Number of protein chains: 2
Amino acid sequence: MKKILIVDDEKDILEFLGYNLRKEGYEVIEAKTGDEALHLVKNNIPDLIILDVMMPGIDGIETCQSMREMPKLKDTLIIFLTARNEDFSQIAGLDAGADDYVSKPIKPKVLLSRIKAIFRRNQTQSDLESYGDVEINYDTKQLKFKGKEQSLTKKEYDLLLLLCSKPGKVFNREEILQSVWGGDVVVGNRTIDVHIKRLREKTSSDYIKTVKGFGYKFIF
Amino acid sequence: MKKILIVDDEKDILEFLGYNLRKEGYEVIEAKTGDEALHLVKNNIPDLIILDVMMPGIDGIETCQSMREMPKLKDTLIIFLTARNEDFSQIAGLDAGADDYVSKPIKPKVLLSRIKAIFRRNQTQSDLESYGDVEINYDTKQLKFKGKEQSLTKKEYDLLLLLCSKPGKVFNREEILQSVWGGDVVVGNRTIDVHIKRLREKTSSDYIKTVKGFGYKFIF
DNA sequence: TATAATGTTAACTTAATGTTAAGTGATTGT
DNA sequence: ACAATCACTTAACATTAAGTTAACATTATA
């Protein structure tokens with residue numbers, strides 16, 4: 001399940017949010033200051049950070065900026081908690097790299113739907129393409145088949161990508177060699193088959209079809 | 001390279017997007033209003049249009065609708081830029097003929113991957129040739145006869161392709177052997193007939209005619 | 001009608017692909 | 001720098017579909 005970090009200096013808010021989020025099935029970790037949060041995320045990468053803007057010490061905006069500079073957190077979403085009518089900080093917050101904001105006083109229902117929405121939106125916007133049960137993530141070079149994550153090697157990834165670039169089209173061995181191995185590389189004639197076999201193991205033999213005499217095609 | 005038109009009333013956005021897209025090698029043109037955009041595309045057909053929904057004057061949705069009525073732009077893709085949580089306009093935008101949408105604030109990486117994805121997705125029509133009820137798909141190596149898909153073996157495909165290359169022309173056995181089997185291959189004299197029979201089963205005996213003493217021809 | 005050409009069928013042969021495991025080279029972490 | 005791991009390639013062998021053949025049936029035309 002998704003991991004959420006809440007950062008707020010008020011103990012009441014931490015408890016209140018923590019209770020509501022845990023009830024929804026999220027894993028929740030907490031921090032009372034920006035410093036504590038920055039320290040925490042070094043070994044504990046959350047999927048979402050809910051960050052209070054107004055905090056003693058380094059405030060939410062600074063914390064956010066520091067977080068955005070950490071490569072580990074590149075896929076982590078950040079939501080700001082702002083006091084009502086604090087327009088300026090909303091704008092500053094978005095510049096600082098936040099993905100959304102929620103105004104206090106917090107209504108649990110509102111917050112939860114925003115959280116769901118932001119996870120959903122982020123899913124849509126991540127760099128992937130899906131073909132039926134087969135989902136290719138261009139960022140992580142991973143294949144998700146029927147919800148199950150599988151990592152692909154470079155050749156497998158290139159090969160699958162080629163086949164998926166035109167589902168249904170038959171790619172002959174020359175085209176495959178040209179595209180995946182490059183024009184001048186010479187490899188034995190069973191090499192392609194072996195990679196096809198591995199891809200078939202990671203998906204299901206149904207998706208990659210052999211067209212004897214011509215080559216291979218991807219269908220879904 | 002691909003040409004992209006950005007339409008947004010905010011100068012900052014134009015600059016920001018323009019910079020990021022040019023850096024990726026795209027040719028970028030810009031417009032500040034829907035009117036300007038509509039005027040611009042008359043002589044300058046982009047491959048992709050990134051269109052802000054909220055604009056003074058005619059908004060993005062209206063602009064999109066007008067564009068979709070221009071035959072010149074039939075192959076042009078449109079991506080909407082929407083403010084956050086603007087769910088209604090997202091739906092309306094897709095109805096208006098947009099191909100995708102991206103929410104503000106814009107993350108260059110997200111936008112670029114969406115652009116790549118959309119170009120990828122859209123390069124998906126296969127090339128084929130049809131002769132009456134007979135349709136040959138060069139990509140899938142399949143035959144579609146009266147809407148019914150049939151797969152062809154290599155010899156069947158080569159043979160059908162030869163006959164279809166000049167409908168009406170009679171190909172004698174020597175020509176067929178030369179073209180489909182290659183000059184030096186020697187096969188028995190019933191081999192061609194067997195393949196013709198199989199092709200006739202997959203289409204209908206009406207399409208491939210025997211010209212006794214000479215050879216075969218394809219008619220439609 | 002006679003006969004040479006083509007149609008049809010099913011068994012047979014071959015070429016293409018599938019599979020496996022071992023070997024080789026590259027990459028990673030310590 | 002080193003070991004350890006991982007990706008990739010290779011080659012032998014297994015399997016399968018495509019292609020071929022030959023016997024026999026049918027048809028068109030002189």
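Because only heavy atoms are used, hydrogens play no part in the values below, and waters and symmetry mates are left out as well, while side chains stay in. Letters go in sequence order (proteins before strands), and every chain restarts at 1. A quick note: this is a predicted structure, and the numbers were derived from the prediction, not measured.
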Query raised in the report: Which is it for A:Tyr207 and A:Phe220 under the ring pair (Phe, Tyr, Trp, His ring centres under 6.0 Å) test, yes or no, and what are the steps along the way?
Result: CA-CA 6 Å; A:Tyr207 283 86; A:Phe220 67 99; 7.9 Å; no

Backbone of [Y] reached by a side-chain donor or acceptor of [X] within 3.5 Å:
| X | Y | result |
| --- | --- | --- |
| A:Thr76 | A:Pro46 | yes |
| B:Lys202 | B:Phe145 | no |
| A:Glu24 | A:Leu21 | no |

Requested in this report: Can you establish whether the number of heavy atoms outside B:Lys3 located under 6.0 Å from its atom NZ is more than 12?
Outcome: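 Yes, the 6.0 Å shell around NZ holds more than 12 heavy atoms from other groups.
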
Query raised in the report: Near DNA chain D, which residues from residues 212-220 of chain B have a heavy atom under 4.0 Å away?
Result: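 Listed by number, they are B:Lys212.
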
Report task. For the helix from C:dT1-D:dA30 to C:dT30-D:dA1, measure the angle between the helix axis at one end and the axis at the other, each built from five pairs, rounding to 10°. Result ->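 That helix has its two terminal axes inclined by roughly 40°.
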
Query raised in the report: For residues 174-182 of chain A, which residues have at least one heavy atom under 4.0 Å from DNA chain C?
Result: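 Contacting residues: none.
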
Report task. Return the set of residues passing side-chain hydrogen bond (donor to acceptor under 3.5 Å, both in side chains) with A:Asp59 (not counting sequence neighbours), or none when no residue passes. Result ->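 Residues passing side-chain hydrogen bond (donor to acceptor under 3.5 Å, both in side chains) with A:Asp59: none at all.
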
Query raised in the report: Cationic tip of A:Lys169 within the cone over A:Phe171's six-membered ring, i.e. under 6.0 Å and within 45° of the normal?
Result: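 Ring-cation test returns yes.
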
Requested in this report: Select base, sugar-phosphate, or nothing to describe what B:Arg173 touches, counting heavy atoms under 4.0 Å on all strands.
Outcome: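 Sugar-phosphate: the residue B:Arg173, judged by heavy atoms under 4.0 Å, touches backbone atoms but no base.
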
Report task. On DNA chain C, reading 5' to 3', which nucleotide is the first and which the last to sit with an atom under 4.0 Å from a heavy atom of chain B, could you check? Result ->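 On DNA chain C, the outermost contacted nucleotides are C:dA5 to C:dT9.
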
Query raised in the report: Partners of B:Lys197 by salt bridge (Lys or Arg N to Asp or Glu O under 4.0 Å), sequence neighbours excluded?
Result: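 Partners of B:Lys197 by the salt bridge (Lys or Arg N to Asp or Glu O under 4.0 Å) criterion, ordered by chain and then number, come out as B:Glu201.
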
Requested in this report: Give a yes/no on whether any side-chain N or O of A:His195 is located under 4.0 angstrom from OP1 or OP2 of D:dT9.
Outcome: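 So the side-chain polar atoms of A:His195 do come within 4.0 Å of the phosphate oxygens OP1 or OP2 of D:dT9, strictly under.
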
Query raised in the report: Between A:Thr191 and D:dT10, does any side-chain N or O lie under 4.0 Å from OP1 or OP2?
Result: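 Yes, such a contact exists.
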
Query raised in the report: So do B:Tyr216 and B:Ile192 actually touch side chain to side chain, heavy atoms under 4.5 Å?
Result: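 Side chain of B:Ile192 against side chain of B:Tyr216, heavy atoms only: contact under 4.5 Å found.
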
